[in-house]
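Report on the structure given below.
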Amino acid sequence: MIWDTTAIWQALAGGLLIGFAASVLLIFNGKIAGISGIVGQALNRSLHGQGWRYAFLIGLIISPLIYGFFKAVPQISITTSDTIIIIAGLLVGIGTRMGNGCTSGHGVCGIARLSLRSIVATVTFMVAGAVTVYILRHMI
Amino acid sequence: MIIALIAGLVFGLGLILSGMTDPENIHNFLDISGNWDPALMFVMVGAISLSAFAFFWAKSRSQTILGEPLVLPVNTIIDRHLILGATLFGIGWGLAGFCPGPAVASIISQPHKAGLFLISMIVGMLVFHRFKK
């Protein structure tokens, strides 16, 4: 097991920022910070009152630029093949709409309001993710 | 509008600081039987503990402090759709090491991989909606 204290403090601090952002969106806009839902609904041209979704997504997109003012943006190299990325994207797209949420909507907001439905969804996607990584790393 | 922009921005800063935007971290977190890295568990601890106060506050209200309608999800049904959807999402998350938030926040720094992931994700969403009808 890895126990990287710096990474853990950064994870906790990052989590608090995420929780703060979700709280602000709820308290001021009355909306749930579920990213798959925001992206999915933003695609629906017949819906009105979309402005906040676009604004939220723009903030999310430009966040690395602002992050760069305070701290170096972590260097990331992704070695996953394009084919796997495409399959994964399709699965995430279908799965998050079918299950009405992802890590943010179910995993953070849903659990924060003690929704049993979200707790079940979170346990399910964590187990599915762990099984997938097990097969990728230890069986293939 | 400006508040939603700031919320999105702070959300993204949190994702980057926490390590959620690095698929390698996601893989190490999900690799429970291997050399498990529990760090990302603390992202949930931080995010849930803070937003729990906001949701507790919101429970008994129908309007936000700006007078906007406050609508919380009312669906409590645990059915096949929820389980199958969460399973497919979990498989995709495990394969790429990306979930929707970090992928959106990585589009500038990783345009190729994050862009490809997001386009496929949007196609998946549109395909699902087409079949639902």
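Reminder, nothing fancy here: chain letters follow the sequence lines and each chain counts from 1.
Hydrophobic clustering of Ile, Leu, Val, Met, Phe, Trp and Tyr side chains at less than 4.5 Å, counting indirect connections, unites V123(A) with V131(A). Cluster membership check: I66(A) shares its hydrophobic cluster with L17(A), using side-chain heavy-atom separations under 4.5 Å among Ile, Leu, Val, Met, Phe, Trp and Tyr. The hydrophobic cluster containing I78(B) does not contain V74(B), counting ILVMFWY residues as joined when their side-chain heavy atoms lie under 4.5 angstrom apart, directly or transitively. Under the 4.5 Å side-chain heavy-atom criterion for ILVMFWY residues, no single connected hydrophobic cluster contains both I32(B) and I2(A). Y54(A) is not connected to L9(B) by any chain of hydrophobic side-chain contacts under 4.5 Å among Ile, Leu, Val, Met, Phe, Trp and Tyr, and they are in different clusters.
Counting heavy-atom pairs closer than 4.5 Å to chain B, the top-ranked of the candidates I38(A), V24(A), I111(A), N44(A) is I111(A). The most heavy-atom pairs under 4.5 Å with chain A, out of H81(B), M1(B), M125(B), Q63(B), come from M125(B). When each of A54(B), A7(B), G92(B), A4(B) is checked for heavy-atom pairs under 4.5 Å with chain A, A4(B) comes out on top. Ranked by non-hydrogen atom pairs under 4.5 Å with chain A, the options L5(B), L50(B), L70(B), L88(B) are led by L5(B). Interface check for chain A: of the options C99(B), A114(B), G101(B), the most heavy-atom pairs under 4.5 Å are formed by G101(B). Interface check for chain B: of the options P64(A), A7(A), A22(A), G105(A), the most heavy-atom pairs under 4.5 Å are formed by P64(A). Among N28(B), I6(B), V127(B), I107(B), the residue making the largest number of heavy-atom pairs under 4.5 Å with chain A is N28(B). Ranked by non-hydrogen atom pairs under 4.5 Å with chain A, the options G34(B), P102(B), P73(B) are led by P73(B). With chain B as partner, the option from M1(A), K31(A), Q75(A), H106(A) having the largest number of non-hydrogen pairs under 4.5 angstrom is M1(A). Most heavy-atom pairs under 4.5 Å with chain B, from the set I78(A), I84(A), L60(A): that is L60(A). Contact count against chain B (heavy-atom pairs under 4.5 Å) is highest for L43(A) among L25(A), L43(A), V120(A), D4(A). Of the residues considered (G89(A), G51(A), S118(A)), G89(A) shows the highest number of contacts with chain B, using heavy-atom pairs under 4.5 Å.
For a residue to count as touching a neighbouring chain, one of its non-hydrogen atoms must lie under 4.5 Å from one of that chain's; by this rule S106(B) does not touch chain A. Contact of I2(B) with chain A is not made at all, since no heavy-atom distance falls under 4.5 Å. Using a 4.5 Å cut-off between heavy atoms, L116(A) contacts chain B through both its backbone and its side chain. Contacts of R137(A) with chain B are made by side-chain atoms alone, with heavy-atom separations under 4.5 Å and no backbone atom involved. With a 4.5 Å cut-off on non-hydrogen atoms, L65(A) touches chain B through its side chain but not through its backbone. The part of W57(B) that comes within reach of chain A is its side chain, from C-beta onward, which places non-hydrogen atoms under 4.5 angstrom from that chain. For P69(B), the part sitting under 4.5 Å from any heavy atom of chain A is the backbone (N, CA, C, O) and nothing else. With a 4.5 angstrom heavy-atom cutoff, I91(B) touches chain A via backbone and side-chain atoms both. For S81(A), the part lying under 4.5 angstrom from a heavy atom of chain B is the backbone only. Only the side chain of K71(A) comes within less than 4.5 Å of a heavy atom of chain B; its backbone N, CA, C and O stay farther away. Only the side chain of W3(A) comes within less than 4.5 Å of a heavy atom of chain B; its backbone N, CA, C and O stay farther away. Contacts between I65(B) and chain A at a heavy-atom distance below 4.5 Å involve backbone atoms as well as side-chain atoms. Using a 4.5 Å cut-off between heavy atoms, F53(B) does not touch chain A at all. Heavy atoms of L136(A) lying under 4.5 Å from chain B belong exclusively to its side chain. Contacts between D82(A) and chain B at a heavy-atom distance below 4.5 Å involve backbone atoms as well as side-chain atoms.
A 4.5 Å side-chain heavy-atom check between I76(A) and P23(B) finds at least one atom pair inside the cut-off. Side chains of N29(A) and T64(B) form no contact here, defined as non-hydrogen atoms less than 4.5 Å apart. The side-chain heavy atoms of N100(A) and L82(B), taken from C-beta on, include no pair separated by under 4.5 Å. Between S36(A) and M121(B), the closest side-chain pair of non-hydrogen atoms is not below 4.5 Å. For the pair F131(B) and I94(A), the minimum side-chain heavy-atom distance is 4.5 Å or more.
Between T103(A) atom OG1 and I26(B) atom CD1 the span is 7.5 Å, to the nearest 0.5 Å. Distance check, rounded to the nearest 0.5 Å: CG of L66(B) to CD1 of I27(A) gives 10.5 Å. Taken from CD1 in I85(A) to CD in Q110(B), the straight-line distance is 9.0 Å, to the nearest 0.5 Å. Interatomic distance, OG1 of T80(A) versus CZ of F98(B), reported as 8.5 Å (0.5 Å rounding). L16(A) contributes atom CG, which lies 11.5 Å from atom CD1 of I48(B) (distance to the nearest 0.5 angstrom). Annotation: the span from R113(A) atom CZ to S51(B) atom OG amounts to 11.0 Å, rounded to 0.5 Å.
Annotation for F28(A) and E68(B): closest pair O-CG, 3.8 Å, computed over non-hydrogen atoms. Of all non-hydrogen atoms in I16(B) and P74(A), the two that sit nearest each other are CG2-CD, 3.6 Å. Scanning all heavy atoms of the two residues, the minimum distance from A86(B) to F125(A) falls at O-CB, 3.1 Å. Scanning both residues, F89(B) and T96(A), for their nearest heavy atoms gives CD1-CG2, 3.7 Å. In plain terms, the two heavy atoms of S63(A) and L13(B) that are nearest each other are O-CD2, 3.5 Å. The minimum heavy-atom distance linking F117(B) with A88(A) is given by the pair CE1-C, 3.9 Å.
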field: Worked check of side chain to side chain contact (heavy atoms under 4.5 Å, CB included) between I32(A) and F55(B)
entry: CA-CA 10 Å; I32(A) 305 273; F55(B) 281 101; 3.6 Å; yes
field: Intermediate values then yes/no, side chain to side chain contact (heavy atoms under 4.5 Å, CB included), L30(B) and T132(A)
entry: CA-CA 9 Å; L30(B) 290 173; T132(A) 305; over 6 Å; no
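When only modelled atom types and interatomic distance are considered, H138(A) and D31(B) share a side-chain donor-acceptor pair under 3.5 Å.
In this structure a side-chain-to-backbone donor-acceptor pair under 3.5 Å is missing from R117(A) to T76(B).
In F20(A), the CZ atom is not crowded: 12 or fewer heavy atoms of neighbouring residues, nucleotides or ligands sit closer than 6.0 Å.
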